[in-house]
Undergrad: 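Sharing a structure with you now.
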Amino acid sequence: MKHAEARLQQEVVAYLRGKWCVVISVPNERNLGIADAKRMQSMGLTKGAPDLLVWDMKGKPYWFELKTQTGKRTLEQHCFEHLANQLNITYKVVRSLNDVKDLI
């Protein structure tokens, strides 16, 4: 993960945990060798999955994809947004902490 995205994710996680949200990070950004990638995929790692899975205090789910101001999503990430919409899960591309504060 790029340093700016990593800093943003740290800020968002700290904020959400301060609001008593359940926060799970999906470590999809790692560059793995072929053997490790296959092993991780067999354990459930899924290309395009959002960076953070979040539930607020009322149990409402959110999927957050963190990006820098100029970062672009992959086709797989767009597919996850479509899936979230089908499942009635709030999906948000987060480019700043304020994006999260506006929701939670």
Undergrad: Give me the atom names and distance for the closest heavy-atom approach of A49 to F80.
TA: N-CE1, 3.4 Å

Undergrad: Evaluate the side-chain contact (heavy atoms from CB on, under 4.5 Å) criterion for residues K72 and K67: first the C-alpha distance (whole Å), next the side-chain angles of each, then the deciding distance (0.1 Å), finally the verdict.
TA: CA-CA 7 Å; K72 297 186 187 308; K67 293 289 180 193; over 6 Å; no

Undergrad: Let me confirm one number: the CG-NZ distance from L75 to K47, rounded to the nearest 0.5 Å.
TA: 9.0 Å

Undergrad: Could you note down all residue pairs passing salt bridge (Lys or Arg N to Asp or Glu O under 4.0 Å) where residues 85-104 supplies at least one of them, sequence neighbours left out?
TA: none

Undergrad: Write down the atom of L45, the atom of P27, and the distance for their closest heavy-atom approach.
TA: CD1-O, 3.9 Å

Undergrad: Taking all non-hydrogen atoms of both residues, which atom of G48 and which atom of E76 are closest, and how far apart?
TA: CA-CB, 3.7 Å

Undergrad: Taking all non-hydrogen atoms of both residues into account, name the closest pair between Y15 and I104 and its distance.
TA: OH-O, 2.9 Å

Undergrad: What is the minimum heavy-atom distance between R73 and Y91, and which atoms define it?
TA: NH1-CE2, 3.3 Å

Undergrad: Do the non-hydrogen side-chain atoms of W63 and T90 ever get within less than 4.5 Å of each other?
TA: no

Undergrad: What pairs with E11 under salt bridge (Lys or Arg N to Asp or Glu O under 4.0 Å), at least two apart in sequence or on another chain?
TA: none

Undergrad: Find the distance between CG (L52) and OH (Y62) and round it off to the nearest 0.5 Å.
TA: 13.5 Å

Undergrad: Atom CG of L66 and atom CG of L8: how far apart are they, to the nearest 0.5 Å?
TA: 4.5 Å

Undergrad: Ignoring hydrogens, what is the shortest heavy-atom contact between T68 and A4? Give both atom names and the distance.
TA: CG2-CB, 3.9 Å

Undergrad: Are V26 and L87 connected, step by step, through hydrophobic side chains (Ile, Leu, Val, Met, Phe, Trp, Tyr) whose heavy atoms are closer than 4.5 Å?
TA: yes

Undergrad: Walk me through it: do Q86 and H82 pass the test side-chain contact (heavy atoms from CB on, under 4.5 Å)?
TA: CA-CA 6 Å; Q86 296 297 312; H82 179 73; 3.5 Å; yes

